[in-house]
Structure formats: C-alpha cells, structure tokens
Amino acid sequence: MDLREGKEKTEGNRIPWDEYWMNIVSDVALRSTCLRRQIGALVVKNNVIVSTGYNGAPRGFTHCLETGCRRDKLNIPSGERHEECVGVHAEQNALLQAGRDAGGATLYVNAFPCKICAKLIINAGVKRVMMTGEYSDTEGLEYLRRAGIECVHL
C-alpha cells in the first residue's frame, strides 16, 4: 500500500508523521530479495530514524533471487514453518541494526509481524507498532497486544 497515492500537497499542509514513516517503509521494502513478499521495516524514536530493515538472505548468503525460494519448492504456505526459509525478516534486521536504541521506539512495517518477530519486538522494548498490509498468521499481533504494545493498522 502506497500512502502517497491521491495525496495533494498544499502550502502549509504536511503529511502526518506516521504516514511519512510508512512511505519510507515502502521504499525500504524495494531492497527486499524475497521472491514471495517485499517487506520493509523502520525503527523510529523521537521522530528520528534509528534503523531500517528489509527481508532477505543473511549476510554472505546467496539471495533467493538467484537460488529460488526454498519454501515455494517445498509447497509451504505463507505463515507456516518459518525455519525452512533462509531469509531474515525485515523487523529482525531493523531491530538488529537498532540495538538498544529500539527501547521506547515505534516500529513501522508493511505487514503484520509474525510471532517470531513479535517476540523480538517485545524484548527490544518497542512501545508501538504501526502497520499497513497483512499477513496470514495473526498470532504475532496477539503477542504484541498481550505485552501491552500499541498496534495500529493504517
């Protein structure tokens, strides 16, 4: 979802911060090397970008763009058997880059976080998750809510 579509800029009229950050997430997702989904994530604290992340193979690994998708080859549906994917999720990459600076921050992502990413978001101390898009496994959203993290779907 590109939040920029249909927006007219008038003098003195600026887009809200959340919309601004989600527009950047859309651009970050363009770096993804996943054949199934292009996901971007952004950690923001005090209206300053702390880190970005997109989904793709770990450093030094051959990207799925070159090798093909292992999960497709095994006919694994979306949201299941994450361990069969060589990729690192966008949220995971953004949190790794943010380190301790993620505490108290907002994470912006263009999908629902999976349950693995939700646990990392909780332990990183993120206070709010802003999302567009969806994901077949919604259990991660329940984890975030149970942890008292504000979840907003734009």
## Note on the structure
Value for NZ (K127) from CD1 (I122), rounded to nearest 0.5 Å, stands at 11.0 Å
#### Entry: Between CG on residue L95 and SG on residue C117, distance to nearest 0.5 Å
7.5 Å
### Message
Would you compute the distance between atom CH2 of W21 and atom OG1 of T106 and round it to the nearest 0.5 angstrom?
### Response
10.0 Å
### Task
Can you run down the salt bridge (Lys or Arg N to Asp or Glu O under 4.0 Å) pairs that involve residues 85-111, sequence neighbours left out, and say none if there aren't any?
none
### Task
Kindly say whether E84 contributes a backbone atom to a donor-acceptor pair with the side chain of R70 at under 3.5 angstrom?
yes
### Query
Which of parallel (below 30°), tilted (30 to 60°) and perpendicular (above 60°) describes W17 and Y20?
perpendicular
Would you be so kind as to tabulate the donor-acceptor pairs closer than 3.5 Å made by side chains of residues 147-154, with sequence neighbours excluded?
from	atom 1	to	atom 2	distance (Å)
H153	NE2	G133	O	2.6

### Separation of N93 CG from T52 OG1 (nearest 0.5 Å)
9.0 Å
### Query
Is the side chain of R71 donor-acceptor paired with the backbone N or O of P77 at a distance under 3.5 Å, no angle test?
yes
## Note on the structure
Nearest heavy-atom contact between G53 and V28 is O-CG1, 3.3 Å
### Query
Is the backbone N or O of C34 less than 3.5 Å from a side-chain atom of Q38, with the two atoms forming a donor-acceptor pair by type?
yes
### Message
Can a donor-acceptor pair be found, under 3.5 Å and without considering hydrogens, that links the side chain of T33 to the backbone of L65?
### Response
no
### Query
Can you pull the ring pair (Phe, Tyr, Trp, His ring centres under 6.0 Å) pairs that have at least one residue in residues 72-103, sequence neighbours excluded?
H82-H89
### Query
With a 3.5 Å cut-off and no angle check, do the side chains of T67 and T62 form a donor-acceptor pair?
no
### Message
Ignoring hydrogens and geometry beyond distance, is a side-chain donor-acceptor pair present between S32 and N55 at under 3.5 Å?
### Response
yes
### Query
Ignoring hydrogens and geometry, is there a side-chain-to-backbone donor-acceptor pair from N46 to V48 under 3.5 Å?
no
### Task
Measure the spacing between OH of Y108 and OG of S26 and express it to the nearest 0.5 Å.
13.0 Å
### Task
Indicate the atoms forming the closest heavy-atom contact of Y135 with G79, along with that distance.
OH-CA, 3.1 Å
### Message
Just verifying a value: how many Å separate N23 CG and I15 CD1, rounded to the nearest 0.5 Å?
### Response
5.0 Å
### Task
Determine yes or no for a side-chain-to-main-chain donor-acceptor pair under 3.5 angstrom, with K45 supplying the side chain and G104 the backbone.
no
